[in-house]
Visitor: 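I'd like to ask some things about the structure below.
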2 protein chains.
Amino acid sequence: MEKDLFGICPYTTAQKVLSGKWSIIILYHLGKKTMRFGELQRQLPDLTQSTLTKQLRALEENGLIERKIYPQVPPKVEYSLSYIGIKFKKVLAELAIWGNEYIETLKDKNC
Amino acid sequence: MEKDLFGICPYTTAQKVLSGKWSIIILYHLGKKTMRFGELQRQLPDLTQSTLTKQLRALEENGLIERKIYPQVPPKVEYSLSYIGIKFKKVLAELAIWGNEYIETLKDKNC
DNA sequence: ATACATAGTATCTAAATAAATACTATAGTG
DNA sequence: CACTATAGTATTTATTTAGATACTATGTAT
């Protein structure tokens, strides 16, 4: 974990964890259930394998998700929300409500 | 507003609005009260004037905040949350709770 | 006449983030 | 022996985002 990345402000802390293009949607999918790498990738066809790997590593470093490796061939790796990742589901729920309202207001403006 | 930026998924939509380094904290400050440019900048000493301008323009383009210009010299411009920006305060509230919990879990790990 | 205050713009550079593409390891299967 | 499946890594390139710095306009006050 990088030093000094997180201070005492919950907002700037949250921003650091959430910035980027994929964190929220990945957390959403893992919030539904534990998934293997390939399964998650099929849910998210718009990012490449290497990008997904990086995003997952970042979320893992930040403590939001857990990575369980099964010593098998072919490899099996499962991703799931950590304790604090599970807590994030309450934010996701509000975000979903807000996001839908937001989309509605855009429609009203014919955007 | 850029075309095709927002689809039908509330999570990817929210991610687009929130990504970047400053959106959440700016929305938080404007959620407390309407502020002038300079006042907001004093709350956020870690970003330059030109960066703050860009962030505010982006939030305005995305419909989260409103910009009111008073025809005076020296100029006076007030920023405030829009209708949908006010709705975002519920997300901010959950984010604050979560962010504080997150900070606590980091402390437990001596990070 | 000069300086001040406010809210910018303009330009350039740097840093961060994401994407594209090719490559790898290995047990099991036909 | 060749082929498959899975979850990657490595490297390079492109794109996006943020930062640094200098500059602007103008009414009022000194």
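Each chain gets a letter, A, B and so on, in the order the sequences are listed, and its residues count up from 1.
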Visitor: Among residues at least two apart in sequence or on other chains, which ones pass side chain to side chain donor-acceptor pair (under 3.5 Å) with A:Thr48?
Guide: A:Thr51

Visitor: Taking only the side-chain nitrogens and oxygens of B:Gln55, find out if one of them lies under 4.0 Å from OP1 or OP2 of D:dA18.
Guide: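 Yes.
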
Visitor: Can I get a per-line list of side-chain donor-acceptor pairs under 3.5 Å for residues 26-35 of chain A, giving both atom names and the distance, sequence neighbours left out?
Guide:
unit_1  : atom_1 : unit_2  : atom_2 : d
A:His29 : ND1    : A:Lys32 : NZ     : 3.3
A:Lys33 : NZ     : A:Glu39 : OE2    : 2.2

Visitor: Grab the N/O contacts between the protein and nucleotides 10-13 of chain D below 3.5 Å, and write none if there aren't any.
Guide:
none

Visitor: Which residues pass the side chain to side chain donor-acceptor pair (under 3.5 Å) test with B:Ser50, not counting sequence neighbours?
Guide: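 Here no residue qualifies.
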
Visitor: Tell me whether the side-chain N/O atoms of B:Arg57 come closer than 4.0 Å to OP1 or OP2 in C:dT9.
Guide: yes

Visitor: Ignoring backbone atoms, test whether A:Thr51 places a side-chain nitrogen or oxygen under 4.0 Å from the OP1 or OP2 oxygen of C:dA19.
Guide: yes

Visitor: Hey, can you pull the residues of residues 18-46 of chain B with a non-hydrogen atom under 4.0 angstrom from DNA chain D?
Guide: B:Gly20, B:Lys21, B:Trp22

Visitor: Can you list everything that forms a ring-ring contact (aromatic ring centres under 6.0 Å, His included) with B:Trp22? Sequence neighbours excluded, please.
Guide: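 Listed in chain order: nothing, the list is empty.
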
Visitor: Looking at residues at least two apart in the chain, or sitting in another chain, which of them share a side chain to side chain donor-acceptor pair (under 3.5 Å) with B:Glu104?
Guide: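 Once residues adjacent in sequence are excluded, the partners of B:Glu104 under the side chain to side chain donor-acceptor pair (under 3.5 Å) criterion are B:Lys107.
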
Visitor: Tell me every residue that passes side chain to side chain donor-acceptor pair (under 3.5 Å) with A:Ser23, counting only those two or more places apart in sequence or in another chain.
Guide: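 A:Ser23 satisfies side chain to side chain donor-acceptor pair (under 3.5 Å) with B:Gln15 only.
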
Visitor: Suppose we screen for side-chain contact (heavy atoms from CB on, under 4.5 Å). Which residues come up paired with A:Glu94, at least two apart in sequence or across chains?
Guide: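 If we apply the side-chain contact (heavy atoms from CB on, under 4.5 Å) test to A:Glu94, skipping adjacent residues, the hits are A:Ile97, B:Lys90, B:Val91, B:Glu94.
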
Visitor: Less than 3.5 Å apart, which donor and acceptor atoms pair up between the side chains of residues 77-84 of chain B and the rest of the protein, not counting sequence neighbours?
Guide:
unit_1  : atom_1 : unit_2  : atom_2 : d
B:Glu78 : OE1    : B:Tyr70 : OH     : 3.0
B:Tyr79 : OH     : B:Arg67 : NE     : 3.1
B:Ser82 : OG     : B:Gly63 : O      : 2.6
B:Ser82 : OG     : B:Leu64 : O      : 3.0
B:Ser82 : OG     : B:Ile84 : N      : 3.4
B:Ser82 : OG     : B:Gly85 : N      : 3.0
B:Tyr83 : OH     : B:Lys87 : NZ     : 3.2

Visitor: Which residues within residues 69-77 of chain B lie with some heavy atom under 4.0 Å of an atom in DNA chain C?
Guide: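 Here the set is B:Pro74, B:Pro75, B:Lys76, B:Val77.
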
Visitor: Which pairs pass salt bridge (Lys or Arg N to Asp or Glu O under 4.0 Å) with one or both residues in residues 46-59 of chain A, sequence neighbours excluded?
Guide: none

